[in-house]
Amino acid sequence: MTAKLDLERIIDDPRTRIIVCCGSGGVGKTTTAAAIGLRAAERGRQACVLTVDPARRLAQSMGLTSLDNTPRQVDGVDPASGGSLHAMMLDMKRTFDEIVEAHTDPDRAAQILANPFYQSLSSSFAGTQEYMAMEKLGQLRHADEWDLIVVDTPPSRSALDFLDAPQRLGRFLDGRLIRVLTGPAKVGMSFMGVLNAGFSMMTSALTKILGAQVLKDAQTFVTALDTMFGGFRERAESTYRLLQAPGTSFVVVATPEPDALREASYFVERLDAERMPLAGLILNRVHTSPASRLSTARSLAAAENLESQNDVSVPGASSAVAAAALRMHAESMQLGQRERRLAEHFTSAHPAVPVAEVAAQPEDVHDLAGLRVVGQLLCEP
Ligand SMILES: Nc1ncnc2c1ncn2[C@@H]1O[C@H](COP(=O)(O)OP(=O)(O)O)[C@@H](O)[C@H]1O
Ligand SMILES: [Mg+2]
């Protein structure tokens, strides 16, 4: 039998400084991150939630209306236990710009920000959003204003991106391409030669803007990057180590559906391979029936029974309504059983991974009251 994920203990433990919610798109990562942050705040912690793509109504109810990349205090949090909640919505372009601004004087920064090569890179580089989430996490943790940071992760195409992005971007900025671009004469390679050398991630960005100005812009930008971002790889690596440290807990979020659980399996294995501290799986939007003692077979039989009576003797619609209700009950029981089988498939493949379940709510979770319910379901089943 799989262990129960004790999220309350993790939230309450002062040694827990970072909780990362990951998983495939649409499974409830943002909701879970916000719910954990709120619960932690209302249990006395100074919590900060770093969200990536909150649904608009949820963002509004958390006061996340401006994209200024600064955590803002969330109103409506119960202050009784002395905790507080801040929340921030990540704007990756803004984070990129901030790094430039922090590393150079205002005139030079303005020049770089206006450089078409920079604009293209900062918005089109695959993995930039993932990288920036890591960069921002490093900054927030370093600021040390919060004792718990809860991180939502971007809706990556692949679960890999999140862990690979820091190194990929670090490698890119510290790597050969930069050296080649900053001194093509020395290396003896033409700019087109560089393009042909297989830097495919740059190719599409560059072909879009290829023109007389490109090489000059590229060189200006890259020279600047080279001096400013010298510590890029070190920062990426220190954030990576921060994630591996004992104060971090990863939770993988999934819905009880084949694709989401397959992705969750993959994520669990990947975190293990990277020696990242996995706390467990959150199975979100689980369907449970309030009348689970009435089996599928019995409710279907009762429905048939009612329907056949309806044909002959019972007047009015009441038995038809009852039969429909029984059929709906049978369907929801079947859904619950299918979800249970899928969950068991996951737990038998990963018996050491603790699991917490959150029931599907009748409506989307778009305010603090809804988040409070999710937090409660997560922590007190
Ligand atoms: N337990 C739940 N019950 C009902 N709706 C939920 C639940 N968890 C999340 N949702 C809803 O599902 C949608 C996707 O959730 P979200 O947290 O944005 O997913 P992700 O960040 O993984 O893409 C949102 O509309 C959210 O309100
Ligand atoms: Mg999300």
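All ligand and atom numbering here is 1-based and tracks the order in the structure.
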N or O contact, G26 vs ligand 1, cut-off under 3.5 Å: yes

H366 contact mode with ligand 1 (heavy-atom cut-off under 4.0 Å): neither

Residue A359 vicinity, atoms of ligand 1 by number, heavy atom under 4.0 Å: 1 (N)

Part of P54 with heavy atoms under 4.0 Å of ligand 1, whether side chain, backbone, both or neither: neither

Over 12 non-hydrogen atoms of neighbours within 6.0 angstrom of CG in D75: no

Geometric N/O contact T30 with ligand 1, under 3.5 angstrom: yes

Check: V358 N/O within less than 3.5 Å of ligand 1 N/O: no

Donor-acceptor under 3.5 Å (K29 side chain, S24 main chain): yes

Nearest-contact summary for atom 26 (C) of ligand 1 - protein heavy atom, Å: T31 OG1, 3.7 Å

Contact flag T51/the Mg ion (ligand 2), N/O/S atoms, threshold under 2.8 Å: no

Short N or O distance, V27 and ligand 1, threshold 3.5 Å exclusive: yes

Neighbour count >12 (heavy atoms, 6.0 Å) for atom CD, E380: yes

Ligand 1 N/O within reach of V365 N/O, cut-off under 3.5 Å: yes

Proximity of V253 to ligand 1 by residue part, where a heavy atom lies under 4.0 Å: neither

Point-to-point distance, once rounded to the nearest 0.5 Å, from CD1 of I149 to CZ of R45: 10.5 Å

Options H287, E363, R285, ranked by nearest heavy atom to atom 2 (C) of ligand 1, top entry: R285

Distance, nearest 0.5 Å, that separates NE2 of H350 from NE2 of H345: 8.5 Å

Atom 3 (N) of ligand 1 - nearest protein heavy atom and its distance: Q361 N, 2.8 Å

V374 to ligand 1, any heavy atom closer than 4.0 Å: no

